[in-house]
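This report concerns only the one structure given below.
Here the structure is a predicted model, which means the values were calculated and not measured. These numbers come from the heavy atoms of this one structure, side chains and all, not from hydrogens, waters or symmetry mates.
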Amino acid sequence: TEKYCGSLKLWLPDGSLLPHAEGPLTEVLRTGNPAHNVEVIIERPDGLRVPVLINIAALKNTEGEVTGSITSMTDIRERKLSEEAIQQEKRKAEAANLAKSEFLANMSHEIRTPMNAVLGLAHILSLTADMPKKQQEVISTLQLSAQSLLGLINDLLDIAKIETNSVDIEHIPFTMSEVINEVFSIISHSVREQGITLAHIATPADSQQFLGDPHRIRQVLVNLVSNAVKFTQHGGVTLSTTITPLDAPGRCYVHIAVADTGIGIAPGKLEQIFEKFTQADSSITRKYGGTGLGLAISKNLAEIMGGSITIKSDLDKGSEFTLHLPLELPDAAGAYAAAAKDNQQETPDHKIMHGRVLLVEDYQPNVMVATYMLESLGYNCDVASNGKEALVGLRANRGKYVAVLMDVQMPVMDGLEATRLIREEEKQKGLTRMHIIAMTAYALQGDRERCMSAGMDDYISKPFQPIQLRTALDQLKTASAG
């Protein structure tokens, strides 16, 4: 004890020197209470600092008075080195994950920008009147191939969102029949190519109104049905829906089964198929194509929505995947009708209103697409190639624009900085707020929030459909009227 108190210095893990009067030994001698696993740094007489764990027990006489102590010290240098190594690996992993997220964000932007032009121009061509049948087939193939590529891009982005727990789930009214009809519309071309049947066994559950995320449910079902179609050479695919009640009032379990007469899955491979980048058989990838992402994404999305996916399969006889989801029932009978009316799609040439829009976009093919879509919706259009040009144009002709469509990544001045400057000028000069809609290829978690934080009023991710642009402009018109 004398050597411990007199020859050694104690340092706390944060690097501060611990006076002997406040040390663990002093506390034990004063109170008689033991000290267990106190982590300190001992400075030996030779100056070397050693991390140790101290355990101290008090020695007491027959009267219960503290007369001394027993102290044990455990050298934990190896443990501390191991902990530091773990922390370094954790920091490396976090840096790698950040780098991956940044890479995906950049790749998303770089791919979505030309994809917007491809899909947009294909859509424009598809509207040509009296087109020969052969050209119609060429354009249809172009659209389907572009949509397939976009689906792959979205799958990769969904994997990134799932891994960072950043998937947003909506809570809106819908009917299962609408979701199923959309799934069949998307899959119908593949079914025709396969020469198989695609059937829907109608049940009362299809017309029931639910509250949930129809977009994510459709995404899962498209994966399940397209997977079933891909692996079915003869026979067909059948989809059916059933409902079972839950104990909680206003909630139920919806079960959507996708059964096929395809190649089936061996019993030992059933769990493996839900792993990322994995197929039940490596040769399947070469024969049937695919990345092995669809089922992994579907399983994760089902779990995020509080549900699950189960599978039954017989090799060479077929498989049945069932999506189980807990869903709420709408309180108000009119909730769904109102939402359906809001979501009703109209033809691209439907004119909402006339006005002039300032399009801020530096990629010329997307200028062409956006200009055509705006004109088909009844809007004239001026173009600025960067944020600085947009500021100059607004200062000179602000009164003639009903809205600004703002790209984000541009040379000279990006869309976020331009929007912030526009909002500052409005505040300083008392100007009426200009409607600004982000129209960008950035589509990862947080990109919408960054746009809104900069002062934008709405957000459209590329590639976009005419209905999305019309809806955004229509919402701004409604807001102005209110």
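Partners of Q219 by side chain to side chain donor-acceptor pair (under 3.5 Å), not counting sequence neighbours, listed by chain and number: D158, R216. Partners of H255 by ring pair (Phe, Tyr, Trp, His ring centres under 6.0 Å), not counting sequence neighbours, listed by chain and number: Y253, H324. D457 pairs by the side chain to side chain donor-acceptor pair (under 3.5 Å) definition with R423, R433, not counting sequence neighbours. Every residue meeting the side chain to side chain donor-acceptor pair (under 3.5 Å) condition with N223, not counting sequence neighbours, appears here in chain and number order: S298. Not a single side chain to side chain donor-acceptor pair (under 3.5 Å) links E170 to another residue, sequence neighbours left out.
In plain terms, the two heavy atoms of T241 and T203 that are nearest each other are O-OG1, 2.7 Å. Between M406 and I422, the shortest heavy-atom contact is CE-CD1, 4.2 Å. Annotation for D362 and S385: closest pair CB-O, 3.3 Å, computed over non-hydrogen atoms. Taking every heavy atom of both residues into account, I172 and P214 meet most closely at CG1-CD, 3.6 Å. Counting all heavy atoms, side chain and backbone alike, L211 lies closest to L329 at CD1-O, 4.2 Å. Considering every non-hydrogen atom in both I196 and T232, the closest pair reads CG2-O, 3.8 Å.
Checked by atom type and distance alone, the side chain of S313 pairs as donor or acceptor with a backbone atom of I265 at under 3.5 Å. With hydrogens and angles ignored, the 3.5 Å screen pairs no side-chain donor or acceptor of S207 with any backbone N or O of S177. The main-chain N or O of R450 is never found under 3.5 Å from a side-chain atom of S453 such that the two would form a donor-acceptor pair. With hydrogens and angles disregarded, no donor-acceptor distance shorter than 3.5 Å links the side chain of D314 to the backbone of G264. Of the possible donor and acceptor atoms, one in the side chain of D260 sits under 3.5 Å from a partner among the backbone N and O of S319. Judged by distance alone, the side chain of E320 and the main-chain N or O of A257 form no donor-acceptor pair under 3.5 Å. In this structure, N55 contributes its side chain and N37 its backbone to a donor-acceptor pair below 3.5 Å. Proximity of a side-chain donor or acceptor of Q194 to a complementary backbone N or O of V229 within less than 3.5 Å is detected. The main-chain N or O of G415 is found under 3.5 Å from a side-chain atom of T419 such that the two form a donor-acceptor pair.
Residues T128 and I139 have side chains not in contact (no heavy-atom distance under 4.5 Å, counting atoms from C-beta outward). When side chains are defined from C-beta on, Y372 does not count as touching L121, because their heavy atoms never get closer than 4.5 Å. Counting heavy atoms from C-beta on, the side chains of T244 and T242 never come closer than 4.5 Å. A heavy-atom distance below 4.5 Å is not found between the side chains of L325 and V220. At least one side-chain heavy atom of L405 sits under 4.5 Å from a side-chain heavy atom of L374. Here the side chains of Q409 and D414 are not in contact, with every heavy-atom distance at 4.5 Å or above. Within the 4.5 Å cutoff, no side-chain heavy atoms of V360 are placed close to those of D407. In this structure, M439 and N366 have side chains that are not in contact, with every pair of non-hydrogen atoms separated by 4.5 Å or more.
Salt-bridge annotation for E424 and K427: absent, with no side-chain N of the basic residue lying under 4.0 Å from a carboxylate O of the acidic one. The residues R91 and E84 are annotated as salt-bridged, a charged nitrogen and a carboxylate oxygen being separated by less than 4.0 angstrom. With salt bridges taken as basic N to acidic carboxylate O contacts below 4.0 Å, one links R448 and D458. A salt bridge links E303 with K299; the closest basic N to acidic carboxylate O contact falls under 4.0 Å.
L473 contributes atom CG, which lies 12.0 Å from atom CE of M373 (distance to the nearest 0.5 angstrom). Rounding to the nearest 0.5 angstrom, the gap separating the CG atom in L221 from the CG atom in L239 is 6.0 Å. Atom CG in L295 sits 7.5 Å away from atom CD1 in I311 (nearest 0.5 Å).
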Please assess I436 against M456 for the test side chain to side chain contact (heavy atoms under 4.5 Å, CB included), listing each intermediate value before the final yes or no.
CA-CA 5 Å; I436 302 176; M456 298 182 183; 3.9 Å; yes

Step-by-step side chain to side chain contact (heavy atoms under 4.5 Å, CB included) determination, R79 to L53:
CA-CA 11 Å; R79 195 196 79 182; L53 282 182; 3.9 Å; yes

Start with the C-alpha gap between C451 and L416, add the side-chain angles, then the distance that decides, and say whether side chain to side chain contact (heavy atoms under 4.5 Å, CB included) holds.
CA-CA 7 Å; C451 291; L416 298 178; 4.2 Å; yes

Could you go step by step and tell me if V369 and K462 meet the side chain to side chain contact (heavy atoms under 4.5 Å, CB included) rule?
CA-CA 11 Å; V369 170; K462 300 172 183 174; over 6 Å; no

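Relative ring orientation between F174 and F210 is described as tilted, the plane-to-plane angle lying within the 30° to 60° band.
A salt bridge (Lys or Arg N to Asp or Glu O under 4.0 Å) check over residues 195-211, counting only residues at least two apart or in different chains, returns nothing.
The neighbour count for E94 CD, taken as heavy atoms of other residues, nucleotides or ligands under 6.0 Å away, is above 12.
Remark: the Y401 side chain and the D382 side chain contain an N/O donor-acceptor pair separated by less than 3.5 Å.
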